[in-house]
Number of protein chains: 2
Amino acid sequence: MGMTQRRETILEELGSAPGLESLQGAIEKLRDHFRVDHLVYHWVNTDGDQYGCGTYSDIWVERYLTKDYLRVDPVVIGSYQKFHPVDWKRLDWSSKASRAFQMDAIAHGVGNQGLTVPIRGPNGQFALFTVSHQCSDAEWEQFIQRNRRDLILIAHEFNEKALEFEPSRQPEQLRALSPREVDAMTLLASGQSRAQVAEALSISEHTLRVYIESARSKLGALNTTHAVARALSWGLIVV
Amino acid sequence: MGMTQRRETILEELGSAPGLESLQGAIEKLRDHFRVDHLVYHWVNTDGDQYGCGTYSDIWVERYLTKDYLRVDPVVIGSYQKFHPVDWKRLDWSSKASRAFQMDAIAHGVGNQGLTVPIRGPNGQFALFTVSHQCSDAEWEQFIQRNRRDLILIAHEFNEKALEFEPSRQPEQLRALSPREVDAMTLLASGQSRAQVAEALSISEHTLRVYIESARSKLGALNTTHAVARALSWGLIVV
DNA sequence: CATGGCCCCGCTATTTTGGGGGAGTAAGAA
DNA sequence: TTCTTACTCCCCCAAAATAGCGGGGCCATG
């Protein structure tokens, strides 16, 4: 299995390389290694922020951004709802906008075949790792069967490297809440009123209020909703 | 590489097996294959629901549930904030509750060493795949170096199989929020009052209320805090 | 051309939350 | 020891959110 060897070498080189260009370099090497047309890593923030590297042409990337294809692209929309790698054939290309997008993509050198691995992190963070190629269904099927496992693994390792290079996207660690405060925040996050939460915790509503207020101050929150939002997105509570 | 061969065989058997016991069977086979003390798959639902299979003793599992250790367990809390597999040594065990939990866990046969792979799906779904063992740091280091890749891959494949067997946990296609609803939820999550949000969006407070209510109904939320919590943990908004 | 989604606005009444005080115990750290 | 931190309980009152009713217009899909 020289293949696996080689792939690992590429990612190890990546580990010791200094800058962001090395991500681009690595993805190009990986593309050559798999002998496919394109390999793309695409980070999507829910607020529309994007970051990516890959082997699509600059023209296509720019077109994608300016035309705001992110909101149309069935690959993004579809894989956002999926756990597992999705073959492009299994996505919904029926809408008019989707088909226009598809035409445009193929015209710009994107393959007719594709597999996209969705990768998720804390706080709704989301990235895609895509391999795309121009070939027949049968050839593609064979390729996927052979490489699916490696692609999943590489997707996650590549994401890991990408995060190393862009630590700004890493979540920071935070002051913890007391157990009672966690209880309070958790139950509030589940939609219960103060009275219900106090009942559930077998304490007076006034006591509960003290917890909420102290949690609020620890979290620097302006109100209960804010406090719950911060506790959630900082991973201090699990709902 | 007979190892890889064998591992794949186990998961392929799993693919053709009919019931839920086969998950349990597979995880036991995988444990024997890796020659570790424990292997655990642990699903944590957004509403606190849990499901799991693994090789921990029944007593420990029951204790974990009855004592609500989910809210204390540094493995859960820690890996919830991480993208990548975490070695238990790198978690925060400093709090008293954590240490009490750790003592109790080890007393019930959980290993002193562990590696946990966080797995995420759409809508805030979250699962853990953990390997745990009783051994020295050096031995553990070596084991991880050798098997890390395989473990990540297996974690995701196991999760995939688990979802096949329990389609009830498959995400239902949830109605996305409208742009205005997203705006409203986002600003509310940032701690602003309704009046402030209405001001910021340049609409009347009453109109804003309509958005909040429709978002609440789409999300099946009981109040604003609940709605914001769901929107956050389902990845519909980012703060 | 109807249906349903999204966008915008008004009113009143009730319930819930927030902000300001106060006090006492028990456990752990300095 | 003293000091902090977590946990528990109580008051009052103003501000904010919720719940119910109503109205209209725009645009895309079917």
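These values consider heavy atoms only, across backbone and side chains, with no hydrogens, waters or symmetry-generated copies.
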Separation of [X] atom [atom1] from [N] atom [atom2], in whole Å?
X        : N      : atom1 : atom2 : value
A:Arg194 : D:dC9  : CZ    : P     : 15 Å
A:Leu208 : D:dT8  : CG    : P     : 10 Å
B:Leu177 : C:dC7  : CG    : P     : 11 Å
A:His206 : C:dT17 : NE2   : C1'   : 12 Å
B:Gln196 : D:dA15 : CD    : P     : 15 Å
A:Tyr211 : C:dT17 : OH    : C1'   : 19 Å
A:Met185 : D:dA6  : CE    : C1'   : 15 Å
A:Leu187 : C:dT17 : CG    : P     : 13 Å

For A:Thr207 and D:dC9, is the shortest distance between a side-chain N/O and OP1 or OP2 below 4.0 Å?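 The answer is yes; a side-chain N or O of A:Thr207 sits under 4.0 Å from OP1 or OP2.
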With a 4.0 Å limit, can you tell me whether A:Arg216 has a side-chain N or O closer than that to the phosphate oxygens OP1/OP2 of C:dT17?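 Looking at the OP1 and OP2 atoms of C:dT17, neither is under 4.0 Å from any side-chain N or O of A:Arg216.
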How about B:Asn223 and A:Gln192: does a side-chain donor come under 3.5 Å of a side-chain acceptor?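 The criterion, which ignores hydrogens and geometry beyond distance, is not satisfied for A:Gln192 and B:Asn223.
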Indicate whether the side chain of A:Ser214 and that of A:Ser217 have a donor and an acceptor atom separated by less than 3.5 Å.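 Result is no, nothing qualifies.
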Minimum-distance nucleotide to [X] side chain [options: [options]]:
X        : options               : answer
B:Val210 : D:dC10, C:dT17, C:dC9 : C:dC9
B:Lys218 : C:dC6, C:dC9, D:dC9   : C:dC6
A:Ser204 : C:dC8, D:dC10, C:dG19 : D:dC10
B:Arg209 : C:dC9, D:dT8, C:dT12  : C:dT12
B:Arg180 : C:dG10, C:dG18, C:dC8 : C:dC8

If you find the nucleotide of DNA chain C closest to B:Glu181 and the one closest to B:Asn223, which residue's nucleotide is nearer the 5' end?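 That would be B:Glu181.
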Which comes earlier along DNA chain C counting from the 5' end, the contact point of B:Pro179 or that of B:Glu205, where each point is its nearest nucleotide?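 Result: B:Pro179.
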Looking at [Y] and [X], is there a salt bridge between them, counting it only when a charged N and a carboxylate O are closer than 4.0 Å?
X        : Y        : answer
B:Arg209 : B:Glu213 : yes
B:Glu160 : A:Arg148 : yes
B:Asp87  : B:Arg90  : no

How far does CZ of B:Arg31 sit from CG of B:Asp37, to the nearest 0.5 angstrom?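 Answer for the CZ-CG pair, B:Arg31 versus B:Asp37, is 8.5 Å.
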Looking across every strand, which nucleic acid part, if any, lies under 4.0 Å from [X] by heavy atom: base, sugar-phosphate, or nothing?
X        : result
A:Thr224 : sugar-phosphate
B:Ser178 : sugar-phosphate
A:Ser193 : sugar-phosphate

Within a 6.0 Å radius of atom CD on A:Gln142, are there more than 12 heavy atoms belonging to other residues, nucleotides or ligands?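 No, CD of A:Gln142 has 12 or fewer neighbouring heavy atoms, counting only those of other groups under 6.0 Å.
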Hey, is CD on A:Glu62 packed in by over 12 heavy atoms from elsewhere, all under 6.0 Å?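 Not more than 12 within 6.0 Å, no.
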Describe, as an angle rounded to 10 degrees, how the axis at the first end of the helix from C:dC1-D:dG30 to C:dA30-D:dT1 is tilted relative to the axis at the last end, five pairs per end.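 Answer for the end axes of this duplex: 70°.
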